[in-house]
Amino acid sequence: MITILNDNFSQLNDFLHEKSFSKIFILVDENTHEYCLPVLLGNMETDLGFEILEIEAGEEMKNIQTANQLWEILTEMKADRKALVINLGGGVITDMGGFVSSTYKRGIQFINIPTTLLSMCDASIGGKTGIDLMHYKNMVGTFAFPEQIFIYPKFLETLPFKELRSGFAEMLKHGLIADKAHWNQLIQIPKLDVEAVAPHIQTSMDIKQEVVEKDFHESNIRKTLNFGHTIGHAVESLCLQQGNPILHGEAVAMGMIAESHLAYLEKLISKEDSRMIIENIQRYYPYLDISDFKDDDITALLLNDKKNVDSKINFSLLSGVGSCTYDHQCSQKNILESLHFYRKLNDA
Ligand SMILES: NC(=O)c1ccc[n+]([C@@H]2O[C@H](COP(=O)([O-])OP(=O)(O)OC[C@H]3O[C@@H](n4cnc5c(N)ncnc54)[C@H](O)[C@@H]3O)[C@@H](O)[C@H]2O)c1
Ligand SMILES: O=C(O)C(=O)C[C@@H](O)[C@H](O)[C@H](O)COP(=O)(O)O
Ligand SMILES: [Zn+2]
């Protein structure tokens, strides 16, 4: 269940009073500790004891070492099966906190309080939890629903612009795969800021939630939420491997451009639609330099994508503005052509 919090967090306090938790563990990173935790603690009313668990910020922390540290701390602090973990942060915190909670003592309860645009519209919803393995994205994880998701849009006031823009990529994705009107509204935003984006958060959240409700375990339609991620994750992984991480939404924006061209090459969408989509994404996102990555490096990662079956790369590709297919296998020629197309955009 998703609840938009009042300024006094009364719905969160009601939730804490109604349930009988033994103790609360609040997971933050250094930034959400500084900017969001004071707001939460200033409003949270409970007789329960609580502990703060802090990790460094960033995708590089979303790994088994951090998970292990958190499992150990929970054990040392004697967290029992009635403990509650509150994940207060962006997608790294909700993915990590959800993973640690859903595995510790075979699963304790957790709630998500997302603090980035990306985690409000996407990562906190849908119960995908996980960590990266080596440089492969989200390779180990669980499907586990949070007890509740509490959204407090005012957290966005301290979010850096680049992070806001990263989250906007997933909103554009939601429009492109499922709701043309949402896409049309988003691309009318001339300059990204919290005020311009805030009115569209609810629609974006609803799109994600509707898809997840139809197919929690990603057997079919949920794969559409992976549009832009087949190529996007490969590039994100390579950047991570190089020790030069990019933001998830930046990778997804790049992936959506390449995969929109791929959809055109595969005759799923018209050249005009493909161009229109790409030009609009380019309005918000600077060119991502992938010149260091060879076709073979990217292809090797594509071959390890989680959607693949029988070593065949399964793409989720647009079939129109507002509709998306999945399990689409493309010719190798077209996959490479879509990467070359992206590289050439830099020359244009
Ligand atoms: N599980 C899912 O369904 C799902 C969906 C999309 C993305 N993801 C994952 O989410 C992650 C990306 O999430 P993200 O973009 O939120 O990144 P993030 O969690 O790293 O947060 C981005 C940055 O913003 C800071 N921050 C967070 N809230 C802030 C605030 N209110 N004010 C100031 N700074 C703040 C963080 O400390 C961090 O430095 C990736 O690992 C991605 O794979 C998961
Ligand atoms: O919730 C989903 O399903 C998604 O695909 C949403 C994506 O935005 C998100 O990045 C997700 O973590 C990707 O899932 P993965 O299974 O490809 O790791
Ligand atoms: Zn994503």
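One-based numbering, in listed order, for ligands and for the atoms of each. These figures come from a predicted structure and were not determined experimentally.
A 6.0 Å sphere centred on CZ of F143 holds more than 12 heavy atoms belonging to other residues, nucleotides or ligands. E213 CD: more than 12 foreign heavy atoms inside a 6.0 Å radius. The local environment of CD in E54 is crowded, with over 12 non-hydrogen atoms from other residues, nucleotides or ligands closer than 6.0 Å. Heavy-atom contacts from other residues, nucleotides or ligands closer than 6.0 Å to NZ of K105 number more than 12. Within 6.0 Å of atom CZ in F216, more than 12 heavy atoms from other residues, nucleotides or ligands are found, so the atom counts as buried in its surroundings. Environment of CG in D347: crowded, with over 12 heavy atoms of neighbouring residues, nucleotides or ligands closer than 6.0 Å.
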Enumerate donor-acceptor pairs with a distance under 3.5 Å from any side-chain N or O in residues 269-282 to protein atoms, sequence neighbours excluded.
{"unit_1": "S270", "atom_1": "OG", "unit_2": "D273", "atom_2": "N", "d": "3.1"}
{"unit_1": "N280", "atom_1": "OD1", "unit_2": "R283", "atom_2": "NH1", "d": "2.7"}
{"unit_1": "N280", "atom_1": "ND2", "unit_2": "M276", "atom_2": "O", "d": "3.0"}

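Note on ring orientation: taking the six-membered ring where Trp is involved, the planes of F15 and F150 are perpendicular (angle over 60°, cut-offs 30° and 60°). In this structure, H233 and H248 have tilted ring planes: the angle between them lies in the 30° to 60° band. Ring planes of F155 and Y152: perpendicular class, angle over 60° (limits at 30 and 60°).
Using a 4.0 Å heavy-atom criterion, the residues that approach ligand 1 are D29, N31, T32, Y35, C36, A57, E59, K62, G90, G91, V92, D95, T115, T116, L118, D122, A123, K128, K137, N138, F155, T158, L159, P160, E163, E170, K208, H248. When heavy-atom distances to ligand 2 are checked against 4.0 Å, the residues falling inside are D122, K128, N138, E170, K173, K208, E218, R222, L225, N226, H229, H233, H248, K306, ordered by chain and number.
Side-chain contact check for N226 and K307: at least one donor-acceptor pair (N or O, by modelled atom type) lies under 3.5 Å.
V194 approaches L156 most closely through the heavy-atom pair CG2-O, 3.6 Å.
Shown are the protein N/O/S atoms under 2.8 Å from the Zn ion (ligand 3), given by residue and atom: E170 OE2, H229 NE2, H248 NE2.
Put simply, the side chain of S316 gets close to the backbone of K223: a donor and an acceptor are under 3.5 Å apart.
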